Amino acid sequence: MPTARSRSTRLVAFLRVSAYGLVGAGVAFAVGFGMFADYISRLTTPNDPPAADAIIVLTGGQARIDAAVSLLKSGKGKRLLISGVNPAASRRSLQRATGGDKALFNCCVDIDHAALDTIGNAEESAKWVENHDYSSIILVTNNYHMPRSLLEMRRFIEKVEMTPYPVVNSRLDGGSWMTNRAALRVLFTEYTKYLGALARAVVPLRSTPDGVALVDAATTSVTKNN
């Protein structure tokens, strides 16, 4: 029968191992965050990305949609999906906010208002891509949001060439993100979400009961944050 002393020794050993584990996890988290932030800070918006079959933009900022519409205007894609649009504003207001041509919006822009987050963006985008049988897309979102967006997209969209088009609102290169509280907060939040996306990457997908459905191009809209 174990004595009180042996039980105490085991408890001390357990606490010591637990403490080492927590310290190790904390160091790994901090190092990973530093690498993540440094990678984000070095992302730049491509000057002349290769053309693709279509363009997908994930809402969360006006600059994202403006960039996607500009790509569509310049012929970098045949069609544009704006994913994650809030239904509170009209389609017309979205077109006006981007300075987009009404004829261009009517012919070549589809609007998804079903997605509520990045996972929803990926699910709805996958339906749209499969329905149109696209083999290449340009993905537009903010630089800090791009790594997680690519992870989620690639879980749902297979065998499709995906060109990232990161939109940079504030330059963070040269380590400037370390002294920018707002940037640190955004990067930290996005890093924790990215870790969650990494964990989900090992979870097998289930087929949706409704199968593939075309996004309604006539749906009303406005943007919301991811």
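Values in this document were obtained by computation on a predicted structure and should not be read as measured data.
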Examine distances only and state if a side-chain atom of [X] and a backbone atom of [Y] form a donor-acceptor pair shorter than 3.5 Å.
X      : Y      : result
Arg64  : Thr59  : yes
Asn142 : Tyr144 : no
Asn143 : Val168 : no
His132 : Trp128 : yes
Ser136 : Glu161 : no

Next item on the list: Return the set of residues passing salt bridge (charged side-chain N to carboxylate O under 4.0 Å, His left out) with Asp133 (not counting sequence neighbours), or none when no residue passes.
Entry: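 Salt bridge (charged side-chain N to carboxylate O under 4.0 Å, His left out) list for Asp133, sorted by chain: empty.
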If you look at every heavy atom in [X] and [Y], which pair is closest and at what distance?
X      : Y      : value
Pro164 : Met146 : CB-SD, 3.7 Å
Ala63  : Val167 : CB-CG1, 4.0 Å
Leu198 : Leu151 : CD2-CD1, 3.7 Å
Ile56  : Ser125 : CG2-OG, 3.6 Å
Arg154 : Met162 : NH2-O, 3.9 Å
Pro147 : Ile40  : CG-CD1, 3.5 Å

Margin query: Please evaluate residues Lys76 and Asp48 with respect to the criterion salt bridge (Lys or Arg N to Asp or Glu O under 4.0 Å), reporting the C-alpha separation (whole Å), side-chain torsions for both, the decisive distance (0.1 Å), and the verdict.
Written below: CA-CA 9 Å; Lys76 293 299 183 180; Asp48 186 25; 2.6 Å; yes
Next item on the list: Count the heavy atoms of every other residue, nucleotide or ligand shown that sit under 6.0 Å from NZ of Lys73, and state whether that count exceeds 12.
Entry: yes
Answer yes or no: is there a side-chain heavy-atom contact under 4.5 Å between [X] and [Y]?
X      : Y      : answer
Arg79  : Tyr134 : yes
Ile55  : Ile137 : no
Leu139 : Leu58  : yes
Glu123 : Glu152 : no

Check: Salt bridge or not for Glu190 and Lys193, using N-O below 4.0 Å?
Finding: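 Salt bridge absent between Glu190 and Lys193.
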Margin query: Can you confirm whether the side chains of Arg148 and Thr118 place a donor and an acceptor under 3.5 Å from each other?
Written below: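 Indeed, the side chains of Arg148 and Thr118 share at least one donor-acceptor pair under 3.5 Å.
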Find the distance between [atom1] ([X]) and [atom2] ([Y]) and round it off to the nearest 0.5 Å.
X      : Y      : atom1 : atom2 : value
Phe105 : Arg96  : CZ    : CZ    : 12.0 Å
Ile82  : Asp110 : CD1   : CG    : 9.0 Å
Thr45  : Tyr165 : OG1   : OH    : 5.5 Å
Arg155 : Leu150 : CZ    : CG    : 13.5 Å

Next item on the list: Identify which one of Ile138, Leu80, Val57 satisfies the side-chain contact (heavy atoms from CB on, under 4.5 Å) criterion when paired with Leu72.
Entry: Leu80
Item checked: Pairing residues for Tyr191 by the ring-ring contact (aromatic ring centres under 6.0 Å, His included) criterion, not counting sequence neighbours ->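 With neighbours one apart ignored, the set is Phe29, Phe33, Phe36.
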